[in-house]
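The model shown is predicted, which means the values in this text are computed figures rather than measured ones. In what follows, every chain begins at residue 1, and chains take the letters A, B, ... in the order their sequences are listed.
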Protein chains: 2
Amino acid sequence: MEGVVEPLYRKIRRDIVECELTPGKSFSEAELGRLYNAGRTPVREACRRLEREGLIRIIPFRGYMVTPLSVSEFKDLEEMQLIFEPEAAALATERATDEELEKILRLAHYEYRLDDKQSYREFVQKNYELHSLIAQCTRNRRLHEVIGNVHVRLMRFFYLGIPLDSYGQALAAEHLAMANAMRARNAGEARQHAETHIRNAMDRSSKLLMDAIRFGEAVFDTASVAGTIASPGRRSTKNTQ
Amino acid sequence: MEGVVEPLYRKIRRDIVECELTPGKSFSEAELGRLYNAGRTPVREACRRLEREGLIRIIPFRGYMVTPLSVSEFKDLEEMQLIFEPEAAALATERATDEELEKILRLAHYEYRLDDKQSYREFVQKNYELHSLIAQCTRNRRLHEVIGNVHVRLMRFFYLGIPLDSYGQALAAEHLAMANAMRARNAGEARQHAETHIRNAMDRSSKLLMDAIRFGEAVFDTASVAGTIASPGRRSTKNTQ
DNA sequence: TCGGAGCGATCTGTATACCGAATGTCCGGT
DNA sequence: ACCGGACATTCGGTATACAGATCGCTCCGA
């Protein structure tokens, strides 16, 4: 029975990351306990962890709330990526085993088709695995954790389809360039490719974010209350509630 | 009554950081509750947070344990500093207010006298404030948190007097150079100074670490089980227990 | 009719008790 | 001397109780 809180935590986290639990939605401990059928204590604990990871916000005597997506969070996270990942790529280039580099290369081949929603979700997942594996190859466990957390938080945005849409080939090309540099054990070049990869991602996403905001489509900033319309045809009863 | 867990958490964290609770020491929830007179629930919660920060380790059915100091953790943390702080200094240079830059400069003036233990502890504290303030000036809250956490974990080593000893002036000089560059709004130079500062710190500490290990003085590594040899004449009954 | 004070509902925060599970220890048998 | 099982300890999880805080509703007065 070792793991009741751990699976629960993972389930909730997955649902948040995949925007199954809409950002900005608020709920009580009991409610969440019913939803995942678990007692109040494990729910509390899971929520505490999620709060520390920035996925849930605790409103002092009113309950919990899925952290609303905000432009500022997105910017912060991307800025962190820009700082962390190029160095991580360089370190990984020097420290990874040949097998790991092969696996990285394999993951870098992933693309997705625009017409297929499922393919996109898979890509987001593989993209995470790629970045996480690179971080792991730094052989710096703490760094790996931090980079992983940053990416997890970014994935919520990805799952909304905001920053990646319609850039499948470009992304894969950048991934490949980086993976190849790593495989050639060229740390400097790997760093460079990683940096331009992140910079490009930032450019693309800022464009898409602008559009999204212009269309009033999703993301919100500032003082909480992020009603989330998300995709058309999605029920959004009691979203801000 | 909002804050019972928060102060408790802070107290425990402070005691761990200041090595008041010796690294490697193990204890039960009840024990800790008695020590800080608090209930089991707040203790649990505080320990969970400390675990996520890497200051406490949970041994599945045997209790808790102050994370033993390990060379690998030290190396990891310094490597992270080397990645984060130069960029943070550069960002802060561009984003800080004039007042903040003044305060940074003021903090950078801190030195310590070798003969005075209290002065050293103060220095460690001020050093933390300096680095934390710089991180805060990046205006990237998440980045600030991460850098703060890294530094907090490093402080345990500092409080053991390991990596700083007898480098007071050198440290202050490096701090000053960086702070001055920041005040001149020269981001590139600030980054450069920060980088050499961290690199120097790494060199110095690796020397001192070697010595410390040679003298069997403190730090432990590898697979958990840090029997605490520490100082000669120290009983080590039930150390791994 | 409108506005403000007060009351109650609800939920978190915290403490405590209890059961089950797992592990290390100790003791006794082979 | 070695091995195996019972016991104590301690954590993991749940239920429960209670205090405090917040919100919303009602009621009363202007």
Side-chain angles (χ1 to χ4, degrees), chain A residues 1-13 16 21 24-53 55-67 223-225 227 237-241, chain B residues 1-13 16 21 24-68 223-228 235-241:
Chain A
M1 189 162 288
E2 223 270 55
V4 170
V5 113
E6 181 70 19
L8 174 66
Y9 158 76
R10 289 188 175 282
K11 254 187 294 188
I12 300 180
R13 193 183 71 169
I16 292 179
L21 293 172
K25 163 157 184 151
S26 63
F27 50 85
S28 74
E29 281 178 359
E31 202 176 329
L32 206 62
R34 247 174 286 122
L35 194 55
Y36 291 90
N37 52 298
R40 213 181 128 194
T41 313
V43 167
R44 269 183 81 79
E45 195 153 319
C47 286
R48 287 337 228 257
R49 284 173 68 174
L50 291 166
E51 193 244 347
R52 282 207 40 84
E53 289 182 40
L55 292 176
I56 274 183
R57 207 173 277 178
I58 298 179
I59 309 159
F61 282 87
R62 296 297 300 160
Y64 302 90
M65 151 181 195
V66 181
T67 305
S224 58
V225 197
T237 60
K238 74 188 296 196
N239 42 3
T240 66
Q241 198 254 24
Chain B
M1 186 162 291
E2 221 272 54
V4 169
V5 114
E6 181 68 21
L8 174 66
Y9 158 75
R10 289 188 174 281
K11 255 189 292 191
I12 300 179
R13 193 183 70 170
I16 292 179
L21 293 172
K25 163 158 185 151
S26 62
F27 51 85
S28 72
E29 283 179 358
E31 202 175 328
L32 208 61
R34 247 174 285 119
L35 193 55
Y36 292 89
N37 51 295
R40 210 182 122 198
T41 314
V43 166
R44 269 182 81 79
E45 194 142 308
C47 286
R48 287 339 229 262
R49 282 172 69 173
L50 291 165
E51 193 244 348
R52 284 207 36 86
E53 287 180 41
L55 293 176
I56 275 184
R57 208 174 277 177
I58 298 179
I59 309 158
F61 285 86
R62 297 297 299 159
Y64 302 90
M65 151 181 196
V66 181
T67 305
S224 56
V225 195
T228 311
R235 253 185 47 256
S236 59
T237 62
K238 74 186 292 193
N239 42 4
T240 66
Q241 195 253 24

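Atom CD in B:Glu31 sits roughly 12 Å away from atom C1' in D:dT9 (whole-Å rounding). Between B:Ile58 atom CD1 and D:dT10 atom P the separation is 16 Å, expressed in whole Å. If you measure from atom CZ of B:Arg62 to atom C1' of D:dT9, you get 7 Å, rounded to the nearest angstrom. At whole-Å resolution of the value, CG in A:Leu8 and P in D:dG13 are 10 Å apart. Rounded to a whole Å, the CG atom of A:Leu32 is 14 Å from the C1' atom of C:dT12. Rounded to a whole Å, the CD atom of A:Glu29 is 13 Å from the P atom of D:dT14. Rounding to whole angstrom units, OH of residue B:Tyr64 and C1' of D:dT10 are separated by 10 Å. For the pair A:Glu6 CD and D:dG12 P, the computed distance is 12 Å after rounding to whole Å.
Between A:Phe27 and A:Glu31, the shortest heavy-atom distance links the atoms CA-OE1, 3.6 Å.
The pair A:Arg49-A:Glu6 meets the salt-bridge criterion, since a charged nitrogen lies less than 4.0 angstrom from a carboxylate oxygen.
Contacts between residues 39-47 of chain B and DNA chain C, defined by a heavy-atom separation under 4.0 Å, are made by B:Gly39, B:Arg40, B:Thr41, B:Pro42.
Rounded to the nearest 0.5 Å, atoms OH (B:Tyr64) and CD1 (B:Ile12) are 10.0 Å apart.
Legend: residues meeting side-chain hydrogen bond (donor to acceptor under 3.5 Å, both in side chains) with A:Glu53, ordered by chain and number and at least two apart, are A:Tyr9.
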Does A:Ile16 form a side chain to side chain contact (heavy atoms under 4.5 Å, CB included) with A:Thr67? I'd like the steps, not just the answer.
CA-CA 9 Å; A:Ile16 292 179; A:Thr67 305; over 6 Å; no
Using side chain to side chain contact (heavy atoms under 4.5 Å, CB included), reason through B:Arg48 and A:Arg48 one step at a time and then give a plain yes or no.
CA-CA 9 Å; B:Arg48 287 339 229 262; A:Arg48 287 337 228 257; over 6 Å; no
